[in-house]
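Right, one structure below, let's go through it.
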Amino acid sequence: VRAWQAHTGVADQGTLLVGFSQGAIMALESTQSGTPLAGRVVSLSGRFGQDPDVVPATTVLHFFHGKNDAVIHYGYTVRAAERLVRLGADVTADVLPHLGHEVNDAVVEKLLERLTTYVPQRYWRAAQDAAAAGEALQRPVARRNADVGVGQRHEHAGAKAQRLARLVGKIHRENQH
């Protein structure tokens, strides 16, 4: 993985490791070295070789497991996810009814949903911290982007980030009361 990252110029945070069954075991175990290998790790019908002890600070772990898996029991996913959450890791876990030891269209759709809509907790925490400190993205993103020739797509992303920070700030203030 490191060789491919070097070859392509993609850092660990831009890397996604996906494994099925034994491949998932390898992907999950990569998070226990203490050195991040990927920004996201997806386990499809897999498990840790042994209970995880290391919290991958910058890696999001996504577990998908069939409740009818006769090869690797889904309980391994539940136990690992619960343990990692207790330790402070960023985890999603989906146990899918009527799914065996397989990857079908429903799993692929759920995986794509997680990868495109799940916001890592570290970004939420940063937004909450900024909102609590009253620093919720005060700079004029669109004007700055226009000054350096950044296209409309980036201006739109900047506007989304500002709205997200305002929303998080509002939620934070409401929870203070």
Side-chain angles (χ1 to χ4, degrees), residues 1-132 157 160-161 164-165 168 171-172:
V1 173
R2 294 272 186 231
W4 276 108
Q5 288 170 331
H7 178 73
T8 60
V10 175
D12 59 311
Q13 286 305 298
T15 301
L16 167 69
L17 287 181
V18 180
F20 171 74
S21 193
Q22 290 180 339
I25 294 169
M26 293 171 56
L28 289 170
E29 287 297 325
S30 77
T31 68
Q32 297 301 289
S33 70
T35 304
L37 189 58
R40 294 190 187 219
V41 171
V42 174
S43 170
L44 303 167
S45 300
R47 59 168 287 188
F48 279 95
Q50 51 189 307
D51 286 342
D53 289 321
V54 175
V55 174
T58 59
T59 302
V60 178
L61 298 152
H62 299 285
F63 292 89
F64 298 88
H65 215 118
K67 196 164 186 178
N68 292 339
D69 190 333
V71 178
I72 299 175
H73 194 273
Y74 75 93
Y76 287 109
T77 287
V78 173
R79 186 173 74 204
E82 288 175 343
R83 179 174 175 79
L84 286 164
V85 167
R86 278 193 311 273
L87 293 172
D90 197 349
V91 176
T92 67
D94 293 279
V95 176
L96 305 159
H98 315 296
L99 181 71
H101 194 71
E102 61 187 307
V103 177
N104 62 19
D105 289 342
V107 173
V108 172
E109 288 299 316
K110 191 69 169 169
L111 170 59
L112 291 173
E113 177 187 325
R114 287 285 186 208
L115 293 176
T116 58
T117 63
Y118 183 78
V119 178
Q121 290 178 11
R122 67 183 176 277
Y123 298 136
W124 284 109
R125 283 191 292 271
Q128 289 173 329
D129 291 346
K160 281 184 177 180
L164 173 63
V168 170
I171 292 168
H172 178 75

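None of the values given here were measured: they were computed from a predicted structure.
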* With a 4.5 Å heavy-atom cut-off, do T31 and V54 have their side chains touching? -> no
* **Spatial distance of atom NZ (K67) from atom CG (L96) [nearest 0.5 Å]** => 11.0 Å
* Hey, what do you get for OG1 (T59) to CG (L17), rounding to the nearest 0.5 Å? -> 8.5 Å
* **Atom pair CG/CZ of D94 and F63 - distance to nearest 0.5 Å** => 11.0 Å
* Can R79 and E82 be counted as an ion pair, charged N to O under 4.0 angstrom? -> no
* Got a second to check how far S45's OG is from I25's CD1, nearest 0.5 Å? -> 10.5 Å
* **Side-chain donor/acceptor of Q13 to backbone N/O of A11, under 3.5 Å** => no
* Structure fact -> On a heavy-atom basis, the closest approach of T58 and P36 is OG1-CG, 3.6 Å
* **T15 side chain near W4 side chain, heavy-atom distance below 4.5 Å** => no
* **Spacing of OH belonging to Y74 relative to CG belonging to D69, to within rounding of 0.5 Å** => 11.0 Å
* Do N104 and V107 come within less than 4.5 Å of each other through their side chains, counting heavy atoms only? -> yes
* **Whether H101 side chain and S21 backbone form a donor-acceptor pair below 3.5 Å** => no
* F48 CZ: over 12 foreign heavy atoms closer than 6.0 Å -> yes
* Please round to the nearest 0.5 Å and tell me the distance separating atom CG of N68 and atom NE2 of H73. => 9.5 Å
* Asked: Just checking, any donor-acceptor pair under 3.5 angstrom between side chains of Y118 and D90?
  -> yes
* **Minimum heavy-atom distance S30-L37, with the two atoms named** => CB-CD2, 3.8 Å
* How about V60 and R122: do any of their side-chain heavy atoms sit closer than 4.5 Å? -> yes
* **Residues in side-chain hydrogen bond (donor to acceptor under 3.5 Å, both in side chains) contact with D53, at least two apart in sequence or another chain** => R83
* Are H62 and L115 close enough that some pair of their side-chain heavy atoms sits under 4.5 Å apart? -> yes
* **M26 side chain reached by E29 side chain, heavy atoms, under 4.5 Å** => no
* Within 6.0 angstrom of E102 CD, more than 12 heavy atoms from elsewhere -> yes
* **Beyond-backbone contact of V103 with V108, side-chain heavy atoms, under 4.5 angstrom** => yes
* Under 3.5 Å, is there a donor-acceptor pair linking the side chains of R2 and Q5? -> yes
* Asked: Between G46 and A24, which heavy-atom pair has the shortest distance, and what is it?
  -> CA-CB, 3.6 Å
